[in-house]
Amino acid sequence: MKSIQLTEQIYSYMLEASLQETIIQAELREKTASLPGSIMQVPPEQAQFMGLLTKLIGARNCIEVGVYTGYSALSVALALPPDGKLIACDVDPATTKIAMEYWQKAGVSDRINLRIAPALETLKVLIDDGDSGSYDLAFIDADKTEYQEYFEALMLLLRPGGLLIADNVLWSGRVAETSFKDADTEALRKFTLSLKDDPRVSTSLLPVADGLLLAVKL
């Protein structure tokens, strides 16, 4: 195995050598770190990678399923062109209130359309409104037991060549341990393995943060 095993020292060096974070992004990350559910925030290197992917595919229309305090959404929005749009789906008005505050501070609030409702409902509305095939990038980071349903809806909304990113697919290593049979672990394991032979996508699973699955719609 050639992948390097991260230590605190190597991780700190990695951030020092490569992290390009705005002051507002850093402030939001620090604010979120003080909250009880801070573990749900994506780490800065992952958010930066998502911003890079946004630029690489020339994304203009994006969807995020699971917002929390908005750090990943902020990173994607900053990478969008001025007329780019991000549909941000979440059910928590308290944490997304923090998100909206920092989106405003960063000057990207006009690029982000927050929808407070169950994500599957929002995705169905978008499909019913005729938005199928019009999105360039989608990010899933919400209820693990619904990943497959999110994926199916997003596959309709993504254009051919569009990119889907799914978070937490390594689930702290639990997906590789057959002794873990809880609903979240089983759902993530089933979802990830199902995409390997799915003819609709080309995929790659990367050990970034808690595991990122990239899937390009063919």
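Both backbone and side-chain heavy atoms feed into the values below; hydrogens, waters and symmetry mates do not.
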Novice: For the side chain to side chain contact (heavy atoms under 4.5 Å, CB included) test, which of Val76, Val42, Ile63 pairs with Phe139?
Specialist: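 Between Phe139 and the candidates, side chain to side chain contact (heavy atoms under 4.5 Å, CB included) is satisfied uniquely by Val42.
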Novice: Can you tell me if Leu6 has over 12 outside heavy atoms packed within less than 6.0 Å of its CG?
Specialist: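 More than 12 heavy atoms, drawn from other residues, nucleotides or ligands, come within 6.0 Å of this atom.
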Novice: Can you tell if the side chain of Ile140 reaches within under 4.5 Å of the side chain of Asp167, non-hydrogen atoms only?
Specialist: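 Not touching, per the 4.5 Å side-chain cut-off.
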Novice: Among Asp136, Thr54, Asp83, which one satisfies side chain to side chain donor-acceptor pair (under 3.5 Å) with Arg60?
Specialist: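 So, applying the side chain to side chain donor-acceptor pair (under 3.5 Å) to Arg60 and each of Asp136, Thr54, Asp83, only Asp83 qualifies.
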Novice: Among side-chain atoms of Ser134 and Asp131, is any donor-acceptor pair under 3.5 angstrom?
Specialist: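 Result is no, nothing qualifies.
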Novice: So, are Asp197 and Arg200 salt-bridged, with charged N and O less than 4.0 Å apart?
Specialist: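 Looking at Asp197 and Arg200, the cut-off is not met.
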Novice: Under the 6.0 Å and 45° cation-pi test, does Lys105 pair with Tyr102?
Specialist: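 Yes - Lys105 lies over the ring of Tyr102, closer than 6.0 Å to its centre and within 45° of its axis.
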Novice: For residues Ser38 and Thr32, is any side-chain donor paired with an opposing acceptor at under 3.5 Å?
Specialist: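 There is no such pair (donor and acceptor under 3.5 Å, judged by atom type) between the side chains of Ser38 and Thr32.
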Novice: Name every donor-acceptor pair, under 3.5 Å, that has one atom in a side chain of residues 206-218 and the other anywhere in the protein, sequence neighbours excluded.
Specialist:
unit_1	atom_1	unit_2	atom_2	d
Asp210	OD1	Trp171	N	3.3
Asp210	OD1	Ser172	N	2.6
Asp210	OD2	Asn168	ND2	3.0
Lys217	NZ	Met155	O	2.6
Lys217	NZ	Leu158	O	2.7

Novice: A side-chain contact here means heavy atoms from C-beta on lying under 4.5 Å apart; do Leu74 and Leu78 qualify?
Specialist: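 Heavy-atom side-chain distance check passes, below 4.5 Å.
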Novice: Are Ser72 and Glu64 close enough, and set up right, to give a side-chain hydrogen bond (donor to acceptor under 3.5 Å, both in side chains), and what steps lead you there?
Specialist: CA-CA 9 Å; Ser72 56; Glu64 178 168 293; 3.0 Å; yes
Novice: Are more than 12 heavy atoms from other residues, nucleotides or ligands located less than 6.0 Å from atom OH of Tyr11?
Specialist: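 For Tyr11, atom OH is crowded (more than 12 foreign heavy atoms under 6.0 Å).
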Novice: Within the side chain of Thr192, is there an N or O that forms a donor-acceptor pair under 3.5 Å with the backbone of Arg189?
Specialist: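 Side chain of Thr192 to backbone of Arg189: no pair is present.
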Novice: What verdict does the salt bridge (charged side-chain N to carboxylate O under 4.0 Å, His left out) test give for Glu21 and Arg29, after you've listed the backbone C-alpha separation in whole Å, the side-chain angles of each residue and the deciding distance to 0.1 Å?
Specialist: CA-CA 10 Å; Glu21 191 179 45; Arg29 186 160 58 88; 2.8 Å; yes
Novice: Heavy-atom count check: over 12 atoms from other residues, nucleotides or ligands less than 6.0 Å from Lys85 NZ?
Specialist: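 Yes, NZ of Lys85 has more than 12 neighbouring heavy atoms, counting only those of other groups under 6.0 Å.
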Novice: Would you check if Phe151 and Leu195 make a side-chain contact, meaning some heavy-atom pair closer than 4.5 Å?
Specialist: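 Side-chain contact under 4.5 Å: yes.
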Novice: Taking only distance into account, with no hydrogens and no angle test, what donor-acceptor pairs under 3.5 Å do side-chain atoms of residues 115-122 form with protein atoms, sequence neighbours excluded?
Specialist:
unit_1	atom_1	unit_2	atom_2	d
Arg115	NE	Asn113	OD1	3.2

Novice: Check step by step if side chain to side chain contact (heavy atoms under 4.5 Å, CB included) holds for Asp182 and Thr185.
Specialist: CA-CA 6 Å; Asp182 58 280; Thr185 303; 2.8 Å; yes
Novice: Can you tell if the side chain of Ile112 reaches within under 4.5 Å of the side chain of Val108, non-hydrogen atoms only?
Specialist: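 Counting from C-beta outward, Ile112 and Val108 do come under 4.5 Å.
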Novice: Side chains of Ser75 and Gln48: donor-acceptor distance under 3.5 Å anywhere?
Specialist: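 No.
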Novice: Roughly how far, to the nearest 0.5 Å, is CG of Asp184 from OG1 of Thr145?
Specialist: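 Answer rounded to 0.5 Å: 6.0 Å.
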